[in-house]
Amino acid sequence: MSTTTRRAVIVGAGDIARVHLAALTALGVEVAAVVDPDEQRAVERAATAGAHGSSDLEAVLAAGDIDVVHVCTPHDQHAPVALAALAAGVNVLLEKPLAHTLADAQQIAAAAEAASVKVGVCFQNRYNPTSQAMRAALAGGSLGPILAASATVPWSRTGAYYAAKPWAGQSVRSGGGALINQSIHTIDLVQWLVGPVSEISGRAFQLEAIPGVDVEDTATLVMTHNPAGQPPVRSTMWVTNTNAINAPVTIDVQCENGSLSLRGNLTIAEADGTTTVVSDDRPDSDTPSYWGLSHQALIADFYAQLDRPEPFWIAPVDALPAQQILSQVYQQSGLYTSG
Ligand SMILES: NC(=O)c1ccc[n+]([C@@H]2O[C@H](COP(=O)([O-])OP(=O)(O)OC[C@H]3O[C@@H](n4cnc5c(N)ncnc54)[C@H](O)[C@@H]3O)[C@@H](O)[C@H]2O)c1
């Protein structure tokens, strides 16, 4: 079926819904409805795409004729919305993280495995040209075995951010802060690039007091990865929401015969002196660059895969490792233990 005959519903009419709407408009997908408990917000967001705004997800699902439900809600609402859509037999594209707790994330993964429809997770940074180039360079073999990897996420989330999205500062709704909300993309990329993780040691802290905020703003991790056909390798990571600006994510991978260094652009240095620079520049995008610029690519790919029999390549089961890593850091830090 062609993309232009697909019908989508967006659940959650906040900031990321705007990015999904723009991607769907560019693809020619019809947006049937935008759903939000704040009906006025739903109506206003829907109007930008000529769609219907509603506060009643059950009624929208019961009306039928929907190909994909986009889950763009706060984290604690991911599981109820995704499970309702799956129960209605509709494909689901889920914003990160899978859920605010590991238990809910596992429930979504199990339901997705059992379903006959497709479920995708928005780890859109895997589509960045720099991420694809890192993955290809490591798979190519000429860089040799990986010796070490490290990553940093030096971002800024101020009181104004939490005032606009109170749920993001409330651990019972968000499940956490810098790790689950912001750095989850980088955790995913590092485990995807370097290999599955068998050991994690980490600590998360709240260093900055912001009224109404009880989530961590800083964390540090050491992980042991098991790359296929190579000895185990260690990565280190430091992430914060207390930086004065949203500086670029850095990822460094040292290999026996060269290195990868992501600092905005990616530099691939090989032992013979060859240097290749890869850029993520997408000047036409209006998405904040610190979110990554590949939502459009992921959403287009998800719709293109709908008729194929195999699961989407970033299904809930593929998003679980990042959630398991950060949950373990929370556990080791004694945080959010009720989740
Ligand atoms: N992939 C990325 O890079 C990226 C970037 C930003 C946000 N996100 C994710 O997108 C999701 C939403 O974030 P946001 O920044 O748009 O938040 P937001 O606060 O701007 O918007 C959330 C909206 O969801 C609505 N909502 C709450 N409960 C709902 C329910 N049960 N059903 C329908 N709507 C409901 C709220 O009223 C609000 O309008 C989160 O999971 C967040 O982590 C992902």
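Residue numbers start at 1 and run along the sequence shown. Just so it is clear, the values below take in all heavy atoms, side chains as well, and ignore hydrogens, waters and symmetry mates. On a predicted model such as this, the values are computed, not experimentally measured, just so you know.
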Non-hydrogen atoms of [X] and [Y] that approach each other most closely:
| X | Y | value |
| --- | --- | --- |
| Q296 | A26 | OE1-CB, 3.6 Å |
| A99 | I108 | CB-CD1, 4.2 Å |
| S333 | G202 | OG-O, 3.9 Å |
| N246 | S156 | OD1-N, 3.0 Å |
| M237 | T186 | CE-O, 4.1 Å |
| V34 | A42 | O-CB, 3.5 Å |

>> Can you tell me which residue among Q124, H20, H70 is in a side chain to side chain donor-acceptor pair (under 3.5 Å) with E95?
In response: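 Only match with E95 under side chain to side chain donor-acceptor pair (under 3.5 Å): H20.
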>> Heavy-atom count check: over 12 atoms from other residues, nucleotides or ligands less than 6.0 Å from R234 CZ?
In response: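 No, CZ of R234 has 12 or fewer neighbouring heavy atoms, counting only those of other groups under 6.0 Å.
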> For atom CD of E58, is the number of surrounding heavy atoms from other residues, nucleotides or ligands below 6.0 Å larger than 12?
Replying inline: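 No, the 6.0 Å shell around CD holds no more than 12 heavy atoms from other groups.
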Judged by modelled atom types alone, do [X] and [Y] share a side-chain donor-acceptor pair under 3.5 Å?
| X | Y | result |
| --- | --- | --- |
| S261 | T267 | no |
| E270 | N257 | no |
| D56 | S54 | no |
| T242 | D217 | no |
| N128 | S294 | yes |
| S171 | R173 | no |
| S174 | N181 | no |

[X], [Y]: one ILVMFWY side-chain cluster at the under-4.5 Å cut-off?
| X | Y | answer |
| --- | --- | --- |
| I325 | W238 | no |
| I184 | W167 | no |
| I187 | I200 | yes |
| L189 | V317 | no |
| V68 | W313 | yes |

> So, the side chain of R135 versus the backbone of W192: is there a donor-acceptor pair under 3.5 Å, distance only?
Replying inline: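 Looks like yes, one N/O pair under 3.5 Å.
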>> So V233 and L147, do their side chains get closer than 4.5 Å, heavy atoms only?
In response: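 Not in contact.
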> For L262 and D252, what are the C-alpha separation, side-chain angles and deciding distance, and is it a side-chain contact (heavy atoms from CB on, under 4.5 Å)?
Replying inline: CA-CA 6 Å; L262 179 74; D252 286 277; over 6 Å; no
>> I'd like to know if D188 pairs up with R126 as an ion pair, taking the criterion as any Lys NZ or Arg NE/NH1/NH2 lying under 4.0 Å from an Asp or Glu carboxylate oxygen.
In response: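 So D188 pairs with R126 through a salt bridge.
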>> side-chain contact (heavy atoms from CB on, under 4.5 Å), that's the test. Do T130 and V278 meet it? Break it down for me.
In response: CA-CA 6 Å; T130 50; V278 180; 4.2 Å; yes
>> Can you tell me which residue among V117, N91, L61 is in a side chain to side chain contact (heavy atoms under 4.5 Å, CB included) with V69?
In response: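 Only one of V117, N91, L61 forms a side chain to side chain contact (heavy atoms under 4.5 Å, CB included) with V69, namely L61.
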>> My understanding is that only one of I314, I299, D280 makes a side chain to side chain contact (heavy atoms under 4.5 Å, CB included) with Y127; could you say which?
In response: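 The single option meeting the side chain to side chain contact (heavy atoms under 4.5 Å, CB included) with Y127 is I314.
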> What do the steps show when you test K118 against D67 for salt bridge (charged side-chain N to carboxylate O under 4.0 Å, His left out), and what is the final call?
Replying inline: CA-CA 10 Å; K118 279 202 185 4; D67 293 297; over 6 Å; no
>> Determine whether I146 and Q254 satisfy the following criterion, side-chain contact (heavy atoms from CB on, under 4.5 Å), listing intermediate values before the conclusion.
In response: CA-CA 6 Å; I146 301 171; Q254 303 294 327; over 6 Å; no
> For L266 and M134, what are the C-alpha separation, side-chain angles and deciding distance, and is it a side-chain contact (heavy atoms from CB on, under 4.5 Å)?
Replying inline: CA-CA 8 Å; L266 169 69; M134 284 193 277; 3.5 Å; yes
> Which is it for T250 and T152 under the side-chain hydrogen bond (donor to acceptor under 3.5 Å, both in side chains) test, yes or no, and what are the steps along the way?
Replying inline: CA-CA 5 Å; T250 71; T152 67; 2.6 Å; yes
>> Restricting to side chain to side chain contact (heavy atoms under 4.5 Å, CB included), what partner residues turn up for I210, sequence neighbours left out?
In response: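 Partners of I210 under the side chain to side chain contact (heavy atoms under 4.5 Å, CB included) test: Y162, E208, V213.
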> Which pairs with one or both residues in residues 320-331 pass side-chain hydrogen bond (donor to acceptor under 3.5 Å, both in side chains), sequence neighbours excluded?
Replying inline: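 Non-adjacent pairs meeting side-chain hydrogen bond (donor to acceptor under 3.5 Å, both in side chains): E216-Y330.
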